[in-house]
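Sequence lines set the chain letters: A, B, ... in the order given, protein chains first and strands last, and positions in each chain run from 1.
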There are 2 protein chains.
Amino acid sequence: MKSDTEAKNRPYRLPTIEDVARLAGVSTATVSRSLNTPDRVREETRNAVEVAVKALGYTPNFGGQVLASRRTNTIGAIIPTMGNAIFATALQALQETLALRKVTLLVATSQYAPEQEQVQLRTMLARGVDGIALIGTERSAEAYDILTARQVPFALLWSIPDELPYLTIGFDNTRAAAEVARRVLEFGHRRIGVISGMTDGNDRATARLRGITSTLEAAGVVLGPEDVIRCHYTLEDGEAAARRLLSGADRPTALICGNDVLAAGAMRGARHLGLNIPADLSVTGFDDIDLATAVSPALTTVRVPHKRMGASAGERLLEWIDSGHQPQSLSYSAEFVFRDSLAPPSSG
Amino acid sequence: MKSDTEAKNRPYRLPTIEDVARLAGVSTATVSRSLNTPDRVREETRNAVEVAVKALGYTPNFGGQVLASRRTNTIGAIIPTMGNAIFATALQALQETLALRKVTLLVATSQYAPEQEQVQLRTMLARGVDGIALIGTERSAEAYDILTARQVPFALLWSIPDELPYLTIGFDNTRAAAEVARRVLEFGHRRIGVISGMTDGNDRATARLRGITSTLEAAGVVLGPEDVIRCHYTLEDGEAAARRLLSGADRPTALICGNDVLAAGAMRGARHLGLNIPADLSVTGFDDIDLATAVSPALTTVRVPHKRMGASAGERLLEWIDSGHQPQSLSYSAEFVFRDSLAPPSSG
DNA sequence: TTGCAACATGTAAGCGCTTACACAGGCGTT
DNA sequence: AACGCCTGTGTAAGCGCTTACATGTTGCAA
């Protein structure tokens, strides 16, 4: 009975290192060394092992490897969503970097929900990842506790240190957003609406909003609560927010948006209201994803170094894992990108 | 010396199942059962174990678990790129489905390159994934050999069986593309350009192109080699292709594109040439990603059941893994979505 | 020739978990 | 009262690999 069942699932048992050793006429230790540290083995022996490996179609068993070496060669990443190309692409850059080093990427999404993130975090740690990449710095102390208790190397992307002792690889969201606001002001706008992402639990959104409001206020443009909308990051949310902001009597002449998706949504909303961009309304985004140049007029936005952050995260994490020492944090700059969606307000 | 080094890396050794067993006053087998099959353990015992687990902060060691159970609870997915939201979102749906069952997702991208895919495939198998999701059906016999030799459950997404005995979860690309062509013809277009993705190694692109050309030909519209451009799937490629197709003397009045990204690129190209859409030129896409409604006019396209494919892939793979039997393939329908980018040609 | 590195390989002890099997005790049936 | 069965738990044998240590070889200096 039992052998029957077994036969159904695994007609032949996969070759083990022992099979290879036997066929090559060496010990399992030598096979292991041949595969992992080839330079510690005589060429002749190495060849014999290689032949045996090929003949049997041997691949090391992952579980055995992990158990014995205490390494999974796996890194985890938890991002808010794959729906936004900015994260998806950063992830791809990370994965490509890791692939060069034979490390694989475990991914999960949090949907911008801290509890979700924590669940995923736990799962990843249980999977024994050697390192973890997370977006942003704002999360529960508990989450950080889990991380540090396990002594797992981790990198925080997208933000720069808030005096945190952790490895961060990011850019100054506040400053970048402030520059957008400054440019909008420079074009002469005074009635300005802001479409921000949800700020709770999201330090990037918070930082950007802070950059915007403080810059505007410094210029004497004070935003009322009805001038700022916080919403989720979808086209529909952006559109709805724009419609609301534009429905009042004293309509804004410019909409500063928390990211390109919201901005594209806002543009769609404005269009539906019969407004012309940028003649009747200027719109700015943030991220500079492809979408920014796919819409018309193209979006004024901020170019976020997403691929570089993804790639660097991979490099630094691997460095940390190998050396046992936390590497230096990294701060990139985000570049303002001027395009046609921003223009002076029509004299009205 | 040795203990020094150890101390540096791991001040406290992580608790093992044995520590838990000792503290709870039971055997390791009972701890294991408490955790994996709680209903086989008396409540009282289970509680004792739970208390011990909490007290020690115990998490099962992944390597040990894998080695003993011959299961990694990990599923791999190899997609062409994360850059296109259609795949990123499908992946997210897959991941969410798996998360419900405590299974994690390993991801990799192939950049539409079969060799790349095969490398990634090997890596994933070496990681001992319990199942694999791949896009499309066209790949080397060798790739299929690897898969079947290892007897790893795998699902092919996005296409429907080409008489393949494998688990496929897809839709009829040919038919969907044919419908697009039919609609374009219905609107009266006769001068038609096609911007297709690269067709080699890409059965979806091939199928779509076939659907388009055969439908057009059946209506007496014969495409010359200069009317069809095959390019990569970026906005820029779409734009460049459109410029080329639109630069000739007898300009097409409609452009049928292999996906929404190409279509958005084509729209941008047309705009730069001073053409008005849809008055001067109709454009159609494929996928119905957010981008399709972010551009103006909104794209006529085909709604691809990407989330459902992702989710179903997860379910069927898990089913296969658990039961040991390959589940039935699944065929979804792809719905034509009419929007403003398609209109009759201007009488010129 | 001898002694001693340096190198190549083998031996065997785990790594932490799951699970087949054995066993004890309680229950219902005959 | 004897029997068999079910339930709950323990015992212990692996799962396949890495690696510290031991052993055997070789080459070279003394």
Side-chain angles (χ1 to χ4, degrees), chain A residues 1-3 5-6 9-10 12-49 52-53 56-73 125-128, chain B residues 1-6 9-10 12-49 52-53 56-73 125-128 130:
Chain A
M1 264 298 111
K2 189 200 154 210
S3 61
T5 314
E6 278 230 324
N9 298 331
R10 296 202 173 275
Y12 319 101
R13 140 185 155 298
L14 289 175
T16 71
I17 198 173
E18 203 157 341
D19 299 323
V20 176
R22 201 175 309 124
L23 183 58
V26 298
S27 72
T28 62
T30 298
V31 175
S32 177
R33 280 188 289 254
S34 265
L35 266 25
N36 301 321
T37 51
D39 31 311
R40 282 172 199 279
V41 173
R42 198 155 42 96
E43 192 181 337
E44 199 183 328
T45 317
R46 207 188 315 139
N47 291 151
V49 170
V53 165
L56 297 171
Y58 169 75
T59 323
N61 173 289
F62 184 59
Q65 223 164 209
V66 170
L67 187 54
S69 71
R70 288 119 181 291
R71 262 257 222 169
T72 55
N73 285 310
L125 290 174
R127 281 285 171 290
Chain B
M1 266 299 114
K2 188 199 156 212
S3 62
D4 255 2
T5 315
E6 279 231 325
N9 298 331
R10 297 204 171 272
Y12 320 100
R13 144 183 154 299
L14 290 174
T16 71
I17 199 172
E18 202 157 341
D19 299 323
V20 176
R22 200 175 310 124
L23 183 59
V26 299
S27 71
T28 61
T30 299
V31 176
S32 177
R33 281 189 286 255
S34 263
L35 265 25
N36 302 320
T37 49
D39 31 310
R40 282 172 199 279
V41 173
R42 199 154 40 97
E43 192 181 338
E44 199 183 327
T45 316
R46 208 189 311 141
N47 291 150
V49 170
V53 165
L56 297 171
Y58 169 76
T59 324
N61 173 288
F62 183 59
Q65 231 166 10
V66 170
L67 188 54
S69 70
R70 289 120 180 292
R71 262 258 223 169
T72 54
N73 285 311
L125 290 174
R127 280 287 170 292
D130 296 331

Asks: Assign B:V66 to base, sugar-phosphate, or nothing according to its heavy-atom contacts below 4.0 angstrom with the strands shown.
Replies: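 Here B:V66 touches no strand at all.
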
Asks: Which nucleotide wins on minimum distance to the side chain of A:S27, given the candidates C:dT11, D:dT19, D:dG10?
Replies: C:dT11

Asks: Round to the nearest Å and state the distance from B:D39 atom CG to D:dT9 atom P.
Replies: 12 Å

Asks: Counting only heavy atoms from other residues, nucleotides and ligands, does the tally under 6.0 Å from CZ of B:R71 exceed 12?
Replies: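 Yes, because the 6.0 Å sphere around CZ of B:R71 holds more than 12 heavy atoms from other groups.
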
Asks: Nearest whole angstrom, please: distance from the P of C:dG16 to the CG of B:L14.
Replies: 9 Å

Asks: Where do B:P15 and B:G57 come nearest, in terms of heavy atoms and distance?
Replies: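 Looking at all heavy atoms of both residues, the closest pair is CG-O, 4.0 Å.
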
Asks: Could you check how far CZ of B:F62 sits from C1' of D:dG16, rounded to whole Å?
Replies: 15 Å

Asks: Using whole Å, report how far CD of B:E18 lies from C1' of C:dC15.
Replies: 12 Å

Asks: Any donor-acceptor pair under 3.5 Å joining the side chain of A:R70 to the base of C:dG16?
Replies: no

Asks: Tell me which nucleotide among D:dT18, C:dT19, C:dG10 gets nearest to the side chain of A:I17.
Replies: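 Selected nucleotide: D:dT18.
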
Asks: Check B:V49 against B:S34 and note the closest heavy-atom contact, atom names and distance.
Replies: CG2-OG, 3.5 Å

Asks: Can a side chain N or O of B:R13 be found less than 4.0 Å away from OP1 or OP2 on C:dC15?
Replies: no

Asks: Calculate the interatomic distance between B:R33 atom CZ and C:dT19 atom C1'; express it in whole Å.
Replies: 8 Å

Asks: Reading DNA chain C from 5' onward, which residue's closest nucleotide shows up sooner: A:R42 or B:P60?
Replies: A:R42

Asks: Separation of A:D19 atom CG from D:dG16 atom C1', in whole Å?
Replies: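 So the CG-C1' distance, A:D19 to D:dG16, works out to 10 Å.
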
Asks: Report the nucleotide, chosen from C:dA12, D:dC17, D:dA12, that has the shortest atom-to-atom distance to any side-chain atom of B:T28.
Replies: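 The closest nucleotide is D:dA12.
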
Asks: To the nearest angstrom, how far is B:E44 atom CD from D:dT7 atom P?
Replies: 18 Å

Asks: Reckon A:Q65 has a side-chain N or O less than 4.0 Å from the OP1 or OP2 of D:dG16?
Replies: no

Asks: Return no unless some side-chain N or O of A:S32 is found under 4.0 Å from OP1 or OP2 of D:dT18.
Replies: yes

Asks: Check the phosphate of C:dC15 against B:N61, side-chain N and O only, distance under 4.0 Å to OP1 or OP2. Yes or no?
Replies: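 Negative; the distance criterion is not met.
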
Asks: Quick one: which of C:dT11, D:dT9, C:dG16 gets closest to the side chain of A:L67?
Replies: C:dG16

Asks: I want to confirm an ordering. Mapping B:A68 and B:V41 to their closest nucleotides on DNA chain D, which one lands closer to the 5' end?
Replies: B:V41

Asks: Just how far, in rounded Å, is C1' of D:dT9 from CD of B:E43?
Replies: 17 Å

Asks: Quick check: does any side chain N or O of A:T72 sit under 3.5 Å from a backbone N or O of A:G128, one acting as donor and the other as acceptor?
Replies: yes

Asks: Kindly indicate whether the side chain of A:L23, heavy atoms from C-beta on, has any atom under 4.5 Å from the side chain of A:Y58.
Replies: no

Asks: Counting any heavy atom closer than 4.0 Å, what does B:T16 reach on the DNA or RNA strands: base, sugar-phosphate only, or nothing?
Replies: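 Since only primed, P, OP1 and OP2 atoms lie under 4.0 Å of B:T16, the category is sugar-phosphate.
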
Asks: How do B:G64 and B:R46 order along DNA chain D: which one's closest nucleotide is nearer the 5' end?
Replies: B:R46

Asks: Tell me which nucleotide among D:dC17, C:dC17, C:dA8 gets nearest to the side chain of A:T45.
Replies: C:dA8

Asks: Is a side-chain N or O of A:R127 found less than 3.5 angstrom from the main chain of B:N73, in a donor-acceptor match?
Replies: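 At least one qualifying donor-acceptor pair exists.
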
